[in-house]
Structure formats: structure tokens, C-alpha cells
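All ligand and atom numbering here is 1-based and tracks the order in the structure. Numbering starts at 1 and runs along the sequence shown.
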Amino acid sequence: MTVAEAQTRTDVAIALERVRARIAAAEAANDRRPGSVTLVAVTKTHPEAAIREALAAGQRVFGENRVQEALAKYPALKAAHPDLALHMIGPLQTNKVREAVALFDVIETVDRPKLAAAIAAESRRSRQDGIVRHPACFVQVNTGEEPQKAGIVPADADSFIQQCREVHGLRVEGLMCVPPVAEEPSLHFALLSQIARRNGIAALSMGMSADFEIAIAFGATHVRLGAAIFGSRPPAVAGSE
Ligand SMILES: *Cc1c(COP(=O)(O)O)cnc(C)c1O
């Protein structure tokens with residue numbers, strides 16, 4: 001790094017460097033290959049300026065949980081950075097699938113047959129348009145079986161994954177979970193890892209700012225971090241999750 005760069009290092013750049021060091025340490029501590037864990041920088045509620053700081057610091061994988069917010073922030077950034085990968089990490093309504101398939105490279109929240117069918121139909125339609133959009137899909141599993149939370153329940157996961165692949169032709173590359181807030185996350189991470197193994201799924205998106213090192217110990221390939229990089233968000237509005 002040059003002196004000039006060092007002088008302009010931002011809070012986001014400094015936080016990213018710390019987080020990357022913690023990820024590398026967790027990889028090493030758990031005999032994981034260096035670089036085997038992808039950092040998804042979660043930018044929901046944070047302005048485009050913060051995303052630009054992260055881009056300047058070399059970050060290329062980002063996550064957003066709302067289609068509208070992502071549409072407001074990302075199209076120009078993606079045009080300027082063709083290697084930027086955007087992950088959808090929030091609940092996806094079927095009426096937003098067209099926009100989501102056009103914008104997101106990975107949809108981490110595939111959790112019900114109707115949504116799987118809608119993503120597949122939109123992928124087919126994009127082929128006819130000549131702009132092929134076939135996003136990688138992660139199946140979200142509601143490991144805590146919380147009624148208010150999105151995700152397929154563990155008992156239905158195997159058949160749903162099979163349906164996504166064989167009926168809908170989706171690229172199911174990963175599983176994702178958000179453990180219950182008040183519970184020890186390890187059991188949830190272990191359960192997600194088991195479901196992935198028996199279905200031949202390589203990617204595991206689990207672990208957030210508070211628990212990503214535990215998730216890495218349980219095999220996370222993607223950790224989704226917001227607060228640890230961009231600082232805390234305003235308190236969530238009830239029902240917004
Ligand atoms: C907001 C969010 C994150 C990031 O949470 P932090 O605690 O800020 O790291 C990860 N995953 C999902 C699904 C989220 O909505």
C-alpha cells in the first residue's frame with residue numbers, strides 16, 4: 001500500500017481488513033483451505049458511498065435483503081464492476097422475481113415451490129430474450145422451525161432440493177440459514193451442514209457478524225456480515241425480516 005492510500009483508508013477499509021484477518025484465522029484454526037470462505041458484505045440500509053468504499057478496498061461480493069433497495073443502489077455499480085457478485089439474502093416475493101433474476105447473481109433464499117417455479121420460469125424467459133440469467137440458488141432452511149421465519153423446514157429439505165433440481169432445473173449450489181437469535185448457533189450450523197452433505201451441496205451460507213467464526217468451524221463457505229464491516233444499523237422495524 002502506498003502512503004497516499006494509507007492516508008485515505010476509510011473505516012470500512014479498516015473494518016474489512018480486520019474481518020478478513022478473522023476469517024483467515026478461523027480457516028487456519030479449522031484446517032480449512034485459505035480463501036475457502038467467501039465474505040458476503042451485507043449492505044442493507046447502508047448508502048452507496050459505503051459500498052464504494054468496500055469496492056475500493058477490494059470487496060466484490062455483496063448481499064442485500066430487499067429487491068427495491070438493491071435496484072436503487074446496484075445497477076450502476078455492477079456496470080462499473082463486472083466482477084461484482086450480488087447475493088439476495090432476504091425473503092423474495094414471487095412478484096419481484098423478474099427484477100431479482102435480472103439483478104442478483106445468487107439467490108440465497110429459495111424456500112418454497114412457488115418461488116422455485118417462478119425463478120425457473122424467469123430464467124427460461126431470459127433465454128428467449130437472449131440475455132441469459134440463470135442465477136445460482138441456495139435453499140434457505142428454517143433450522144429453528146420458527147413460524148415467523150422464512151425457509152423450508154428441515155424435514156422437507158431433501159425433497160424440496162430434489163424438486164428444485166429435477167423439476168425446475170435450478171442450479172442449487174448452496175444452503176443458507178439464519179439461526180434463532182436466542183439460541184446457540186452450533187446445532188443449527190451442524191444441521192445445515194448435514195443436509196448439504198447428504199444432498200451433494202457444496203456451499204453453506206451461515207454465520208453473521210456475531211457468530212461467523214463458529215459457522216466457519218462448522219463448514220461455512222459463505223459468511224454474511226453487515227455490522228462488522230459497516231457499523232450497526234438502525235433498529236429493524238418489526239416484521240421487516
Ligand atoms: C442483515 C443480515 C445479515 C448481516 O447481519 P449482521 O449481524 O449485520 O452481520 C446476514 N444475513 C441476513 C439474512 C441478514 O438479513
Side-chain angles (χ1 to χ4, degrees), residues 11-12 14-23 26 37-47 50-51 53-54 57 59 61-74 85-93 96 100 103-112 115 135-146 148-152 173-186 188-189 191-192 203-241:
D11 290 350
V12 167
I14 292 163
L16 266 174
E17 189 174 302
R18 292 200 179 120
V19 160
R20 287 180 187 138
R22 286 174 64 186
I23 291 173
V37 178
T38 297
L39 170 59
V40 180
V42 177
T43 55
K44 66 182 185 214
T45 76
H46 296 288
I51 304 170
E53 289 179 21
Q59 181 65 27
V61 184
F62 294 90
E64 278 282 339
N65 69 338
R66 288 164 183 267
V67 174
Q68 282 329 111
E69 185 177 343
L71 273 172
K73 295 194 289 198
Y74 276 93
L86 187 59
H87 290 223
M88 174 59 176
I89 63 167
L92 181 54
Q93 296 168 312
K96 300 271 172 63
L103 183 64
F104 290 94
D105 303 286
V106 181
I107 297 177
E108 293 202 14
T109 49
V110 181
D111 67 348
R112 57 196 191 281
L115 177 59
C137 291
F138 290 10
V139 166
Q140 182 174 359
V141 182
N142 187 352
T143 57
E145 305 192 36
E146 297 172 278
Q148 82 286 6
K149 197 169 268 176
I152 194 103
E173 296 185 354
L175 298 182
M176 179 269 216
C177 77
V178 182
V181 276
E183 280 180 37
E184 159 62 34
S186 309
H188 298 273
F189 297 154
L191 174 59
L192 197 71
L204 282 173
S205 175
M206 54 191 199
M208 307 180 12
S209 292
D211 56 16
F212 69 93
E213 282 137 326
I214 302 170
I216 291 170
F218 281 86
T221 62
H222 294 70
V223 292
R224 308 179 308 269
L225 307 192
I229 302 169
F230 300 106
S232 53
R233 291 178 295 276
V237 179
S240 71
E241 220 189 349

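- Taking any N or O of Val42, backbone or side chain, none lies under 3.5 Å from an N or O belonging to ligand 1.
- Listed by number with element, the atoms of ligand 1 under 4.0 Å from a non-hydrogen atom of Arg224 are 4 (C), 9 (O), 10 (C), 11 (N), 12 (C), 13 (C).
- When side chains are defined from C-beta on, Leu39 does not count as touching Val61, because their heavy atoms never get closer than 4.5 Å.
- You'll find the side chain of Leu71 stays beyond 4.5 Å of the side chain of Glu69, heavy atoms only.
- The shortest N or O to N or O distance between Asn65 and ligand 1 is not below 3.5 Å.
- Residue contacts with ligand 1: Ala227 is placed with a nitrogen or oxygen under 3.5 Å of a nitrogen or oxygen of the ligand (distance criterion only).
- The backbone N or O of Leu204 sits less than 3.5 Å from a side-chain atom of Thr221, completing a donor-acceptor pair.
- Using a 4.0 Å cut-off between a side-chain N of Lys or Arg and a carboxylate O of Asp or Glu, Arg22 and Glu213 qualify as a salt bridge.
- For the pair His87 and Arg224, the minimum side-chain heavy-atom distance is 4.5 Å or more.
- Of the possible polar contacts, one joining the Lys73 side chain to the Thr43 backbone as a donor-acceptor pair under 3.5 Å is found.
- Shown in contact with Lys44 at under 4.0 Å from a heavy atom are these atoms of ligand 1, numbered in order with element: 1 (C), 2 (C), 3 (C), 14 (C), 15 (O).
- Contact atoms of ligand 1 toward Leu225: 9 (O) (distance under 4.0 Å to a heavy atom of the residue).
- Taking a cut-off of under 4.0 Å to the non-hydrogen atoms of Gly226, the atoms of ligand 1 that pass are 4 (C), 6 (P), 8 (O), 9 (O).
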